[in-house]
K.L.:
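Shown below is the structure under consideration.
Both ligands and their constituent atoms are indexed starting at 1 by order of listing.
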Amino acid sequence: MTSIPVTASVVGLGPAGRIVAHRASAHGWDVTAYDPAGGTLPSTIGLWCDQLPDWLPSDFLAATFRPSVILADGRERQLTRAYGVINKDCLQKLGGFRIERRALTDLESTSADITIVTTGRTHAAVGRGGQVRQLAIGHIFSLDDVPSDHRRAVLMDFTPADPESSDSEPASFSYRIFLDDRTFLIEETILATPTPLVGGYLSETGATVGSGGEVDDSALLALLRNRQSARLKSLGLSEDLATDEEVVSFPLLANLPSHRRDLTRNRPSMGTLFGFAGGWMHPATGYSVGSVIEDADRFLADMEKRGSRSRGTSLSMRVQRWLRERGLAALLGFDARQTSEFFRAFFSLPEKDVFAYLIGTSPLMTLCAMAKVAGPLLKMSPRTCGKLIAGFIRGPGKWRNR
Ligand SMILES: Cc1cc2nc3c(=O)[nH]c(=O)nc-3n(C[C@H](O)[C@H](O)[C@H](O)COP(=O)(O)OP(=O)(O)OC[C@H]3O[C@@H](n4cnc5c(N)ncnc54)[C@H](O)[C@@H]3O)c2cc1C
């Protein structure tokens, strides 16, 4: 048991660092956060409202809505759960701790009782198959410019943006959400795809990461740009009307956190991992912020109890991550047609199974949802179902161990 007052260093001030530093301060810890950028946040952050604890300020969400999903054959399913978009100013203001604007490296240590490492993508995995990333090209419109028929939230629209596109190119979908009561985002997204690597991969801090390889996402982003143009046209819009553009490219798979062994070369090894670095990102959806917010207090209670012996994650979280990574591997084995068949099967499941896989915390329910998707998929295409099972068995090793 670590006695209060606890002194803590939080290394990295992305969403995970900010949230954990804020909550630790609220628990009475004396916290210093380190980040050369002084803190970073992605341009838009969405999450499922079920994940939000009571401690959040009342203006934490800039928009809430219940999105639908449109399958490749045009059928639409309304989801009943509420989805929210974070008010970034509010997230940015979560404070109560000191910030030191500098990087902390392996060679340094702080005198704090506890060190929490949230250095994010410096822990991204690479493998002989490249790096698995989520990519998107989005445009932000004034709501008044969006044709009224399309002024509704769609989490995933799988109808093809460009009917000429070949099955060998990765599938994409259109993500269309309210950012607040005045603006609307339309984003063509590849959920997960291997991205080639060339040369030495450099982190934001300029240091070589892991076993190297600079990500070359240019061809995939160009493909998305073309599809986004076609999509906007089909929605009665064009890029010229957009007030802003969002380019998304981030890794989905983290190196497996190890309590004893330093898995990458440039991260401080003395702390407990949290956020993307610790495996809190859902590897098949790219969402981590909701689960970080949901889990921050449990994580800190464990740190308080076990101090630097804490692994941060429970056994059930590690099993959950293992299962989800198998789900990612299955997804990566599909071509574009098979991806749309898979999502037809996935969104034919009862909503409790859909959300057990997306945000659930029970490995058993996740496993049930994963098993259940095989039924409708087998009816649709035994070959695609075979690929699902093969991907599950194979796992993500090809994109992790280089
Ligand atoms: C455009 C875009 C949109 C996204 N939308 C969503 C979304 O809707 N929902 C969602 O859940 N996720 C979304 N994501 C993914 C999301 O950004 C990541 O899940 C999230 O940022 C991970 O948070 P993190 O704090 O763990 O790591 P990061 O955000 O990677 O933060 C790591 C921080 O550590 C700092 N750092 C690195 N090395 C050091 C060091 N040695 N010392 C000190 N500091 C260091 C970096 O400067 C950085 O600030 C989106 C990503 C992008 C790019």
K.L.:
Are the aromatic rings of Phe65 and Phe178 close, with centres under 6.0 Å apart?
P.N.:
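Yes, the ring of Phe65 comes within the 6.0 Å limit of the ring of Phe178, centre to centre.
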K.L.:
Trp55 vs His22 aromatic rings, parallel, tilted or perpendicular, using cut-offs 30° and 60°?
P.N.:
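Ring orientation of Trp55 relative to His22: tilted.
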K.L.:
Can you figure out which of Ala124, Gly84, Ala277, Gly46 has its heavy atom closest to atom 7 (C) of ligand 1?
P.N.:
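Of the listed residues, Gly46 has the closest heavy atom.
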K.L.:
Looking at ligand 1, does Thr105 have a heavy atom less than 4.0 Å from it?
P.N.:
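Not so, Thr105 does not reach ligand 1.
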K.L.:
Using heavy atoms and a threshold below 4.0 Å, how should the contact between Pro42 and ligand 1 be classified: side chain, backbone, both, or neither?
P.N.:
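It is the side chain that gets close, since no backbone atom is under 4.0 Å.
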K.L.:
Salt bridge check, Arg298 against Asp295: does any charged N sit closer than 4.0 Å to a carboxylate O?
P.N.:
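Here Asp295 pairs with Arg298 in a salt bridge, since their nearest N and O are under 4.0 Å apart.
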K.L.:
Of the side chain and backbone of Tyr287, name the one, both, or neither that has a heavy atom under 4.0 Å from an atom of ligand 1.
P.N.:
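It is both parts that get close, each with some atom under 4.0 Å.
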K.L.:
Counting heavy atoms only, which of Pro36, Ala37, Pro15, Gly14 comes nearest to atom 21 (O) of ligand 1?
P.N.:
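Checking each option, the heavy atom nearest atom 21 (O) of ligand 1 is found in Pro15.
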K.L.:
Can Glu188 and Arg231 be counted as an ion pair, charged N to O under 4.0 angstrom?
P.N.:
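Salt bridge: yes.
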K.L.:
Provide the full list of ring pair (Phe, Tyr, Trp, His ring centres under 6.0 Å) pairs with a residue in residues 229-253, sequence neighbours left out, each pair given once.
P.N.:
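Sorted result for residues 229-253: empty, none.
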K.L.:
Trp280 and Phe299: aromatic ring centres closer than 6.0 Å?
P.N.:
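Yes.
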K.L.:
Salt bridge check, Arg152 against Glu76: does any charged N sit closer than 4.0 Å to a carboxylate O?
P.N.:
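Counted as a salt bridge, because a side-chain N and a carboxylate O are separated by less than 4.0 Å.
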K.L.:
If you measure every N/O of Thr44 against every N/O of ligand 1, is any gap under 3.5 Å?
P.N.:
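N/O-N/O distance under 3.5 Å: yes.
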K.L.:
Thinking salt bridges, do Lys387 and Asp335 make one under a 4.0 Å N-O criterion?
P.N.:
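Salt bridge flag = no for Asp335 with Lys387.
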K.L.:
Would Gly39 count as a polar contact of ligand 1, with the cut-off being nitrogen or oxygen pairs under 3.5 Å?
P.N.:
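No.
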K.L.:
Enumerate the atoms of ligand 1 whose separation from the nearest heavy atom of Thr40 is less than 4.0 angstrom.
P.N.:
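Counting atoms of ligand 1 from 1, those under 4.0 Å from Thr40 are 48 (C), 49 (O).
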K.L.:
Report, in ascending order of atom number, the atoms of ligand 1 lying under 4.0 Å from any heavy atom of Ser43.
P.N.:
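Ligand 1 atoms under the 4.0 Å threshold to Ser43: 1 (C).
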K.L.:
Whether the Thr195 and Arg133 side chains hold a donor-acceptor pair (N or O, under 3.5 Å, no angle test) is what I'd like checked.
P.N.:
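There is no such pair between these side chains.
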K.L.:
Any nitrogen or oxygen of Val289, main chain or side chain, under 3.5 Å from a nitrogen or oxygen of ligand 1?
P.N.:
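Val289 vs ligand 1: N/O contact under 3.5 Å present.
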K.L.:
Touching ligand 1 at all, Val248? Heavy atoms, strictly under 4.0 Å?
P.N.:
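Distance cut 4.0 Å: Val248 passes for ligand 1.
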K.L.:
Does ligand 1 come near enough to Ser288 that some N or O of the ligand is less than 3.5 Å from an N or O of the residue?
P.N.:
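N/O-N/O distance under 3.5 Å: yes.
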K.L.:
Within a distance under 4.0 Å of any heavy atom of Tyr34, pick out the atoms of ligand 1 and give their elements.
P.N.:
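This gives 43 (C), 44 (N) as the contact atoms.
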K.L.:
Which label fits Phe343 and Phe347: parallel for a plane angle under 30°, tilted from 30 to 60°, or perpendicular past 60°?
P.N.:
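Answer is parallel, since the angle falls under 30°.
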K.L.:
Using a 4.0 Å cutoff against the non-hydrogen atoms of Gly275, which atoms of ligand 1 qualify?
P.N.:
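This gives 26 (O) as the contact atoms.
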K.L.:
Give the atom numbers and elements of ligand 1 that come within less than 4.0 Å of a heavy atom of Ile45.
P.N.:
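Listed by number with element, the hits are 7 (C), 8 (O), 9 (N).
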K.L.:
Under 4.0 Å from a heavy atom of Arg121: give me the atoms of ligand 1 that qualify, with their elements.
P.N.:
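Once the distances to Arg121 are compared, the set is 30 (O).
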K.L.:
Is the His150 to Phe184 ring centre distance short of 6.0 Å?
P.N.:
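Between Phe184 and His150, which both carry aromatic rings, the centre distance is not below 6.0 Å.
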K.L.:
Should you measure from each heavy atom of Thr118, which atoms of ligand 1 turn up under 4.0 Å away?
P.N.:
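Reading through ligand 1 atom by atom, the close ones are 32 (C), 33 (C), 34 (O).
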K.L.:
Could you list the atoms of ligand 1 found under 4.0 angstrom from a heavy atom of Met281?
P.N.:
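Near Met281, the atoms of ligand 1 are 18 (C), 19 (O).
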K.L.:
Using the rule salt bridge (charged side-chain N to carboxylate O under 4.0 Å, His left out), only one of Arg77, Arg75, Arg176 pairs with Asp157; which is it?
P.N.:
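Result: among Arg77, Arg75, Arg176, Arg176 is the only option passing the salt bridge (charged side-chain N to carboxylate O under 4.0 Å, His left out) with Asp157.
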K.L.:
Given Val11, Thr119, Val20, Ile19, which one has a non-hydrogen atom that is nearest to atom 45 (C) of ligand 1?
P.N.:
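Shortest heavy-atom distance from atom 45 (C) of ligand 1: Thr119.
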K.L.:
Answer yes or no: does an N/O atom from Phe276 fall short of 3.5 Å to an N/O atom of ligand 1?
P.N.:
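Yes, at least one N or O pair falls under 3.5 Å.
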